[in-house]
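It should be emphasised that the depicted structure is a prediction, and the values quoted were computed from it without experimental measurement.
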Amino acid sequence: TVVSWSRLLSFVSAWRNLESICYLLRFLSAPRRIQGARPVSLSTAAMGIFGIGRGGDGSGNRKLTLQDVAELIQKKECHRMVVMAGAGISTPSGIPDFRSPGSGLYSNLQQYNIPYPEAIFEIAYFFHNPKPFFTLAKELYPGNYRPNYSHYFLRLLHDKGLLLRLYTQNIDGLERVAGIPPDKLVEAHGTFTTATCTTCRRSYPGEDFRGDVMADKIPHCPVCTGLIKPDIVFFGEELPHRFFLHVTDFPMADVLFIIGTSLEVQPFASLADAVRSSIPRVLINRDLVGPFAYQPQYNDVALLGDVISGVEKFVELMGWKKEMQELIQRETEKLDAKDN
């Protein structure tokens with residue numbers, strides 16, 4: 001079979017485009033802070049390349065309400081739920097968020113003697129001086145805190161078969177403690193559950209080094225003595241491979257919940273725009289953020305204020321109040337028994 005020059009050139013051109021796309025996705029997969037203007041996001045790049053994503057609504061559709069969303073779920077018209085969660089779901093457990101003025105972690109890092117707050121999560125600074133990170137890790141390590149109402153709400157979604165996937169920015173592991181299975185979780189910014197030697201790249205259970213961290217020791221590899229780093233994603237590192245499940249999860253979702261996040265770190269923040277334009281997006285948050293602030297849609301619903309109160313309101317609309325109480329009591333008793 002003779003391949004024509006035009007076909008060959010078309011193939012080469014397509015291959016170059018694919019290479020460009022792969023390079024772009026790799027570049028955009030490293031977490032980055034947003035300061036000032038909104039940068040090009042992963043979903044924006046996907047829209048430009050593949051022609052997908054949300055667009056403006058010019059149909060004059062009626063504004064959606066939380067009651068409408070609850071009814072759609074009750075009627076099983078929405079049954080594949082994707083949730084994006086941030087630090088705001090863990091603050092009721094006693095874990096400070098990162099950016100709240102005065103109370104956030106970034107406002108209270110003077111004790112760590114670092115040049116600027118974000119340095120504590122920058123990979124280059126970690127290799128220069130790992131002590132500040134491990135001092136913070138001692139505070140955040142799993143086992144120090146317990147899940148709250150928001151985490152158990154997410155667990156209830158899973159129990160009811162509604163949770164397609166939970167994408168969390170949190171590194172505290174409280175979603176796992178609440179009983180959400182790992183296959184339903186995308187821990188976009190990593191986890192303390194595992195750790196890796198930065199020299200020989202051996203992987204270890206994170207619990208193996210908990211004793212060192214709690215004793216204010218910097219953990220080292222028992223094989224090569226290299227520095228051990230929990231599998232937390234630092235600025236400058238690529239996100240876990242599981243993060244790219246969003247390529248299939250978000251087009252499949254028929255409702256998106258965004259809970260307790262500032263949507264200020266890319267590429268996680270861009271996922272808010274990655275669902276189909278026809279599906280409801282529900283924000284439960286202290287403030288309007290991301291596209292809810294700069295490009296709201298008719299099927300966006302925002303519950304502003306205390307996150308727990310917002311979740312409770314939705315649970316009440318769904319008629320799940322008693323089930324939530326029973327779940328929390330059951331899981332609390334399990335944790336009490338484990339601690340004793």
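Listed for the Lys229 side chain is a donor-acceptor partner under 3.5 Å among the backbone atoms of Ile232. The backbone N or O of Ile89 lies less than 3.5 Å from a partner atom in the side chain of Asn148, making a donor-acceptor pair. Judged by distance alone, with hydrogens and angles left aside, the side-chain atoms of Asn170 form a donor-acceptor pair with the main-chain N or O of Ala87 at under 3.5 Å. Not one N or O on the side chain of Asp287 forms a donor-acceptor pair closer than 3.5 Å with the backbone of Val289. With hydrogens and angles disregarded, no donor-acceptor distance shorter than 3.5 Å links the side chain of Lys131 to the backbone of Lys217. With hydrogens and angles disregarded, no donor-acceptor distance shorter than 3.5 Å links the side chain of Lys63 to the backbone of Val301. In terms of modelled atom types and a separation under 3.5 Å, the side chain of Thr248 and the main chain of Leu245 share a donor-acceptor contact. Without hydrogens or angle criteria, Asn299 side chain to Ser277 main chain gives a donor-acceptor distance under 3.5 Å. Between the side chain of Arg210 and the backbone N or O of Lys138, no donor-acceptor pair lies under 3.5 Å. For the pair Glu118 (side chain) and Glu122 (backbone), a donor-acceptor distance under 3.5 Å is absent.
Across all non-hydrogen atoms, the minimal contact from Leu174 to Ile95 is CD1-CD1, 3.9 Å. In plain terms, the two heavy atoms of Gln169 and Gly86 that are nearest each other are OE1-CA, 3.7 Å. Contact record, Ala188 with Leu239: O-CG, 3.3 Å, taken as the closest heavy-atom pair. In plain terms, the two heavy atoms of Ser150 and Val311 that are nearest each other are OG-CG2, 3.9 Å. Scanning all heavy atoms of the two residues, the minimum distance from Pro147 to Ser93 falls at C-OG, 3.8 Å. Residue Pro130 comes nearest to Ile218 through the heavy atom pair CG-CD1, 3.7 Å, listed as atom of the first residue, atom of the second, then distance.
Considering CG of Leu283 and OG1 of Thr261, their distance stands at 9.0 Å, rounded to 0.5 Å. Atom CD1 of Ile180 is separated from atom CG of Leu185 by 5.5 Å, given to the nearest 0.5 angstrom. Rounding to the nearest 0.5 angstrom, the gap separating the OH atom in Tyr298 from the CG atom in Leu64 is 7.5 Å. Atom CG in Asp183 sits 7.5 Å away from atom NE2 in His158 (nearest 0.5 Å). For the atom pair CG of Leu327 and OH of Tyr149, the computed distance is 10.0 Å after rounding to the nearest 0.5 Å. In this structure, Asp172 CG and Tyr145 OH are separated by 9.5 Å, a value rounded to the nearest 0.5 Å.
The number of heavy-atom neighbours closer than 6.0 Å to NZ of Lys321, taken from other residues, nucleotides and ligands shown, is 12 or below.
Counting heavy atoms from C-beta outward, Leu166 and Lys184 have side chains that stay 4.5 Å or more apart. At a threshold of 4.5 Å between non-hydrogen side-chain atoms, the residues Ile73 and Phe314 count as touching. Using a 4.5 Å heavy-atom threshold, the side chains of Leu72 and Pro280 count as touching. Counting heavy atoms from C-beta outward, Asp231 and Thr193 have side chains that stay 4.5 Å or more apart.
Cation-pi geometry between Arg281 and Phe292 is met: under 6.0 angstrom from the ring centre, within 45 degrees of the axis.
Taking a cutoff of 4.0 Å between a charged side-chain nitrogen and a carboxylate oxygen, Glu316 and Lys313 do not qualify as a salt bridge. Salt-bridge formation is detected for the pair Arg146/Asp336: a Lys NZ or Arg NE/NH1/NH2 atom is positioned less than 4.0 Å from an Asp or Glu carboxylate oxygen.
Ring geometry for Phe133 versus Phe192: interplanar angle under 30°, hence parallel rather than tilted (30 to 60°). A tilted orientation is assigned to the rings of Trp320 and Phe153, their planes being inclined by 30° to 60°. Classified by interplanar angle (parallel below 30°, tilted 30° to 60°, perpendicular above 60°), the ring pair His246/Phe250 is perpendicular.
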Working note: Val275 + Val82, criterion side-chain contact (heavy atoms from CB on, under 4.5 Å); need CA distance, chi angles, decisive distance, verdict. CA-CA 9 Å; Val275 291; Val82 168; 5.8 Å; no

Working for side-chain contact (heavy atoms from CB on, under 4.5 Å), residues Ser262 and Arg286: CA-CA 9 Å; Ser262 63; Arg286 185 180 57 194; over 6 Å; no

Apply side-chain contact (heavy atoms from CB on, under 4.5 Å) to residues Asp212 and Phe209 and explain how you reach the verdict. CA-CA 5 Å; Asp212 284 345; Phe209 303 97; 4.2 Å; yes

Could you go through Leu136 and Phe121, starting from their C-alpha distance and side-chain angles, then the distance that decides it, and tell me whether this counts as side-chain contact (heavy atoms from CB on, under 4.5 Å)? CA-CA 10 Å; Leu136 177 63; Phe121 287 117; 3.6 Å; yes

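In the model, Glu323 has no side-chain atom that pairs as donor or acceptor with a side-chain atom of Tyr152 under 3.5 Å.
Each of Leu157, Leu163, Leu156 was checked for a side-chain contact (heavy atoms from CB on, under 4.5 Å) with Lys160, and the lone residue meeting it is Leu156.
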